[in-house]
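Because only heavy atoms are used, hydrogens play no part in the values below, and waters and symmetry mates are left out as well, while side chains stay in. Remember, it's a predicted structure, so these values are computed and weren't measured experimentally. Proteins get letters first, then strands, A, B, ... in listed order; numbering begins at 1 in each.
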Amino acid sequence: MPTAEQHGFRPHSDGPVVPVQTRSERFRSVDVTDFAPVTGRELEWKLSPVAAFADLTGGELDGSRVEIETTDAAGIDVSWIARSDARIGRAGTPEDRAAANAWSSFGEAVFVRVTGEDEKVTAITRHDLGTTPRAAHTVIEAAPNSRGLVVLRGTGTARLTENVEIVVGEGASLTVVSLQEWDDDAVHLASHFARLGRDSFLKHIVVSLGGRVVRVNPSTHLAEQGSDVEALGLYFADAGQHLEQQVFVHHDAPHTRSRVTYKGALQGQGARSVWIGDVLIGNAATGTDSYEQNRNLVLTDGTRADSVPNLEIETGDIEGAGHASATGRFDDEQLFYLMARGISEDEARRLVVRGFLTEIVQKIGSPELEARLTAALEAELEGR
Amino acid sequence: MSVLEIKNLHVNVETDQGTREILRGVDLVINEGEIHAIMGPNGSGKSTLAYTIAGHPKYTVVQGEILLDGENVLEMSVDERARAGLFLAMQYPVEIPGVTVTNFLRTAKTAIDGDAPSIRGWVKDVRESMSNLKMDPAFAERNVNEGFSGGEKKRNEILQLELLKPRFAVLDETDSGLDVDALKIVSEGVNRAKANTGLGILLITHYTRILRYITPDFVHVFVAGRIAEQGGRELADRLEDEGYDRYLAPAGK
């Protein structure tokens with residue numbers, strides 16, 4: 001008769017195993033002093049180059065207005081509001097020290113309000129924020145049943161830590177694109193918090209192409225029945241770049257739906273990407289339909305892609321929940337197929353990489369923005 | 001008059017168990033306008049021949065030659081072979097996510113011809129070929145082979161055959177997995193391509209079924225990496241009745 005020991009059932013040699021902390025129990029605060037200084041060993045920092053931005057997690061930040069350029073759109077109003085304004089703090093609370101530092105330091109917030117049922121687009125650009133460490137806060141609110149697309153874009157140089165709150169009203173359909181096209185020396189840490197009302201839809205897209213370190217962590221609270229998030233991400237890490245995204249979706253009401261799809265390409269010595277995808281299906285979230293995936297395409301040696309999907313389910317009554325993660329080299333069979341049709345190797349590679357990333361671009365839903373991103377990706381592929 | 005010659009071809013493949021010899025001396029001459037059927041049991045090396053002609057990196061030629069109008073095909077890269085006029089219709093075409101059929105076809109046509117086709121004529125050609133193959137026009141905007149059924153993938157291969165106009169085409173088990181309607185449509189496409197361009201065809205198949213719709217000039221029976229018997233159409237009829245058993249049974253029994 002085999003014993004339990006033979007099956008490997010015996011006390012762990014390190015002593016009793018402590019269950020990992022669940023995502024919903026993670027510490028939260030808007031006050032930076034509530035967080036211990038960052039060492040790089042913390043769960044939320046352990047894959048990040050923390051020494052490259054100690055000023056943003058621990059130092060004093062300039063909280064004055066960050067200069068923005070805005071394209072006008074009827075039905076999307078952009079204004080500044082005081083930090084004491086009641087419209088701040090409705091979508092979420094920082095879970096890491098960089099976000100808390102930004103929250104503790106910002107003076108005024110950018111307030112973007114989307115109203116009206118017709119489609120409209122506005123782009124808010126932050127350009128050349130300089131080398132002073134800065135804090136920013138943005139609140140994007142979609143009124144009930146409104147529709148719109150808001151692009152939050154960063155170019156030039158920056159040392160920025162910020163919070164972006166996204167409040168989606170009942171029945172509204174909002175697209176938010178966070179577009180990181182910073183210069184090579186820029187550091188940008190962002191936490192996005194979205195709260196979705198009943199039967200609302202949020203398409204949230206993170207596109208990270210430029211910057212030395214870019215870390216955009218979007219979390220979505222599916223707070224009310226029938227709410228739906230499509231979280232998309234696209235990144236292209238070149239030599240020496242660190243592009244990170246920690247995505248959290250909290251299903252917290254019945255019949256909520258989430259789709260998380262992040263795709264990245266890595267090219268060149270030291271190109272680095274991190275994707276952590278946490279999905280929590282809470283007790284109340286019966287009938288949840290959820291799927292998250294991350295795919296990385298490794299184009300050269302010397303790169304590293306971390307991809308960590310996590311799924312916690314607290315109710316048995318769900319429709320579906322799944323996750324997938326794959327990091328692979330170029331598929332030689334795809335290359336063979338294209339070359340067997342006369343296409344040169346270089347062109348075939350470009351075609352495959354472009355195709356791999358285009359899947360995300362195709363889902364943005366703004367022809368103008370899609371065309372611009374396609375051009376930006378071409379430039380990345382050319383190594384420019 | 002174009003000619004594709006295969007001379008004493010020996011091909012190895014690397015497997016987890018080490019090097020295996022798959023082709024053991026294949027000789028074959030295909031002239032422009034001829035249809036050669038290669039038939040044989042599973043594992044006889046038929047597909048290896050197809051992929052070796054196309055230049056798949058998995059296969060190593062250890063001896064022999066492949067010549068296209070006297071030019072050494074084995075020295076050409078995969079894309080050079082295609083541009084020289086060789087075409088392989090694959091048994092399992094791969095998906096290319098994010099690349100539409102339209103984009104793919106135009107890119108391939110441009111690569112093969114050396115310059116981009118005139119937009120008007122090209123769009124018309126594509127539409128006509130798709131209609132001939134009973135492909136829904138919406139196909140053009142789908143990503144290559146992504147979510148295609150088996151029959152759709154094969155039609156997409158023949159669509160490329162018709163549009164890229166090679167001098168020689170290798171059809172690797174194009175008939176496998178097709179229902180009779182799809183088989184007819186695909187066969188008509190092959191016959192049309194031949195009528196239009198006079199290309200030479202190497203038709204690789206396990207079954208005689210497709211030979212009801214595409215009439216071969218020559219039939220070669222492939223066994224254990226070489227041609228065991230050759231003949232005309234009648235050889236296919238005999239295989240249909242008898243199967244491959246007599247080639248597989250040890251001599252003297």
Side-chain angles (χ1 to χ4, degrees), chain A residues 205 207 232-236 261-265 293-299 324 326-364 367 370-371 373-378 380-381, chain B residues 50-59 76-101 103-115 141-147 153 156-157 159-161 163-167 169-170 172:
Chain A
I205 306 167
V207 179
L232 302 166
L234 172 62
Y235 46 94
F236 198 117
T261 312
Y262 272 65
K263 289 184 126 182
Q293 60 171 326
N294 174 226
R295 310 242 173 245
N296 295 297
L297 185 57
V298 173
L299 301 176
T327 297
R329 288 204 156 256
F330 214 82
D331 183 340
D332 289 336
E333 292 304 320
Q334 291 179 340
L335 201 59
F336 174 72
Y337 188 75
L338 294 170
M339 288 178 71
R341 299 302 179 248
I343 300 166
S344 70
E345 180 170 349
D346 278 356
E347 197 176 356
R349 282 181 184 277
R350 271 205 297 275
L351 209 55
V352 170
V353 178
R354 198 189 292 144
F356 174 79
L357 297 173
T358 295
E359 197 196 330
I360 302 291
V361 178
Q362 283 169 345
K363 289 182 177 163
I364 291 176
E370 287 174 18
L373 279 182
T374 302
L377 287 174
E378 286 307 307
E380 290 282 342
L381 285 167
Chain B
Y51 279 89
T52 303
I53 294 171
H56 194 287
K58 188 176 151 196
Y59 303 97
M76 301 178 193
S77 60
V78 175
D79 52 322
E80 284 169 348
R81 294 177 197 208
R83 292 199 294 270
L86 296 176
F87 181 89
L88 170 62
M90 314 229 181
Q91 188 179 358
Y92 302 111
V94 294
E95 297 179 1
I96 320 270
V99 180
T100 63
V101 170
N103 181 11
F104 167 62
L105 289 174
R106 192 187 298 115
T107 306
K109 186 66 178 171
T110 304
I112 299 251
D113 288 1
D115 46 20
E141 294 315 312
R142 285 171 65 184
N143 293 331
V144 177
N145 293 321
E146 203 175 70
K153 283 183 183 170
N156 190 36
E157 293 295 288
L159 176 67
Q160 295 165 51
L161 170 70
L163 291 168
L164 300 181
K165 305 191 192 322
R167 281 190 284 164
V170 181
D172 186 20

Chain A/chain B interface donor-acceptor pairs under 3.5 Å:
unit_1 : atom_1 : unit_2 : atom_2 : d
A:E333 : OE1    : B:H56  : NE2    : 3.2
A:E333 : OE2    : B:H56  : NE2    : 2.9
A:Q334 : NE2    : B:E95  : O      : 3.0
A:Y337 : OH     : B:N145 : ND2    : 3.4
A:Y337 : OH     : B:E157 : OE2    : 2.4
A:Y337 : OH     : B:Q160 : NE2    : 3.0
A:R341 : NE     : B:Q160 : OE1    : 2.4
A:R341 : NH1    : B:L88  : O      : 2.8
A:R341 : NH2    : B:L88  : O      : 2.8
A:R341 : NH2    : B:E157 : OE1    : 2.7
A:G342 : O      : B:R83  : NH1    : 2.8

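Residue B:P166: no heavy atom, backbone or side chain, is found under 4.5 Å from chain A. In this structure, the portion of B:L164 lying under 4.5 Å from any heavy atom of chain A is its side chain and not its backbone.
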Residues A:L351, B:I96; criterion side-chain contact (heavy atoms from CB on, under 4.5 Å); working and verdict: CA-CA 9 Å; A:L351 209 55; B:I96 320 270; 5.8 Å; no
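In this structure, A:G342 and B:A111 approach most closely via the heavy-atom pair O-CB, 3.2 Å. Between A:F336 and B:G55 the shortest heavy-atom distance is CE1-C, 3.9 Å.
Counting heavy-atom pairs under 4.5 Å between each of B:L105, B:V99, B:V144 and chain A puts B:V99 at the top.
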